[in-house]
Amino acid sequence: MSTVAPNAPASHAVNGRVAGTPEPVDVAHAVPERHPLRWVATVVVAVLAAQLIHMLVTNPNFEWDVVLRYFNTESVARGLWTTLKLTVIAMAVGIVLGVLLAVCRLSGNPLLRSLAALYIWFFRGVPALVQLIFWFNLSALMPRVSIGIPFGPEFMQWETNALITPLLAAILGLGLNEGAYMAEIVRGGLMSVDHGQTEAAQALGMSRMRTLFRVVLPQAMRFIVPPTGSQVINMLKATSLVSVIALSDLLYTVQSIYNRTFQTIPLLLVACVWYLVITSILYVGQSFIERHYARGSNRHTPTRYRDVLKIRRKPVVPGVEVPS
């Protein structure tokens, strides 16, 4: 006999269930969904991975003994240090320029907006390699660099060849180019913060600069950090471009070695392994920074398995209506 709620409308009972009510779902005999294509894909990936490992182990042309011999040599270590130093300096220049350009792009001054937009347009449009070669050959355009009164006397002057070293040319080429990309990243992060935050800070008497650095920018960091981490990794790899201007970075160092020994593949593997090691460390650091700035914004979402464990399975009793 079915049990019907007192306030339920009059209806007919069919097979022990009130007509018009949803049919109860019995989960006692539920089985997980089958995914045969996943197993097929897993087998294919496993076979390809086994072939790759077999090639890496059995192919004598990799010359892993040569890789191990040159991996920790002093010359490679100096090239790696130059790569890391250039990455840090160029990214610092890019971040500072990016913040300034982003603020100018969002400024109410039309002159600042136009100059910032022109800078971003130019440096995003010219390839980084072309910029590196241009700065390295700046002496062909300006033999001397001087400081003085415009169209007047000069107070100090330098020879461009002595001033623009390969390291300075690399910093200018990579840093100025990175500033254009960081400007768009920072501008997107600033625009993601609700304008009401700025209005509330100004209502409390905070200046524009204090509002930017104490209210807006900390909230925007949650959106700025992930793409900035990607830019740092891209900058690490972009430093390999400076080998064309004879700066002794990691790639230029291994190139100079295999030009003497003709062991091209193992020396390139040395560079690849070091790049992979550094990028892996940067990935880990980026995840910690993202977690720091995401505090208070991410809510703990239980996994599917925890959700299933929290469900109390009630037995379906025939003749008893299950509330919808």
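Numbers here simply count residues along the sequence, with the first being 1.
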If hydrophobic clusters are built from ILVMFWY residues whose side chains come within less than 4.5 Å, do [X] and [Y] share one?
{"X": "V284", "Y": "L276", "value": "no"}
{"X": "Y252", "Y": "L269", "value": "no"}
{"X": "V225", "Y": "F288", "value": "no"}

What I'd like to find out is whether the side chain of [X] reaches to under 4.5 Å of the side chain of [Y], using heavy atoms alone.
{"X": "I133", "Y": "F136", "value": "no"}
{"X": "I245", "Y": "W135", "value": "no"}
{"X": "R208", "Y": "T211", "value": "no"}
{"X": "K237", "Y": "I233", "value": "yes"}
{"X": "S243", "Y": "D249", "value": "yes"}
{"X": "L86", "Y": "L247", "value": "yes"}
{"X": "F123", "Y": "Y181", "value": "no"}
{"X": "N61", "Y": "I265", "value": "no"}

Donor-acceptor under 3.5 Å ([X] side chain, [Y] main chain):
{"X": "T83", "Y": "L250", "value": "yes"}
{"X": "T82", "Y": "R78", "value": "yes"}
{"X": "N177", "Y": "G173", "value": "no"}

#### Entry: Over 12 non-hydrogen atoms of neighbours within 6.0 angstrom of CH2 in W81
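No, the 6.0 Å shell around CH2 holds no more than 12 heavy atoms from other groups.
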
Task: Atom NE2 of H35: over 12 foreign heavy atoms under 6.0 Å - done: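 For H35, atom NE2 is crowded (more than 12 foreign heavy atoms under 6.0 Å).
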
Pair L106, M191 - check side-chain contact (heavy atoms from CB on, under 4.5 Å), show working.
CA-CA 9 Å; L106 299 176; M191 294 177 63; 4.0 Å; yes

| said: Quick test of your reading: applying salt bridge (charged side-chain N to carboxylate O under 4.0 Å, His left out), list the pairs with at least one residue in residues 106-127, sequence neighbours left out, ordered by first then second residue. | reply: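 Every salt bridge (charged side-chain N to carboxylate O under 4.0 Å, His left out) pair that includes a residue of residues 106-127, provided the two are not neighbours, is R124-E184.
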
Mind checking the [atom1]-[atom2] spacing from [X] to [Y]? Nearest 0.5 Å is all I need.
{"X": "N137", "Y": "T160", "atom1": "CG", "atom2": "OG1", "answer": "11.5 Å"}
{"X": "S139", "Y": "L163", "atom1": "OG", "atom2": "CG", "answer": "11.0 Å"}
{"X": "L138", "Y": "L172", "atom1": "CG", "atom2": "CG", "answer": "9.0 Å"}

Could you go through F223 and V193, starting from their C-alpha distance and side-chain angles, then the distance that decides it, and tell me whether this counts as side-chain contact (heavy atoms from CB on, under 4.5 Å)?
CA-CA 9 Å; F223 303 94; V193 180; 5.7 Å; no

Could you check F155 against I149 for side-chain contact (heavy atoms from CB on, under 4.5 Å), going step by step and ending with a plain yes or no? CA-CA 8 Å; F155 302 141; I149 299 176; 3.8 Å; yes

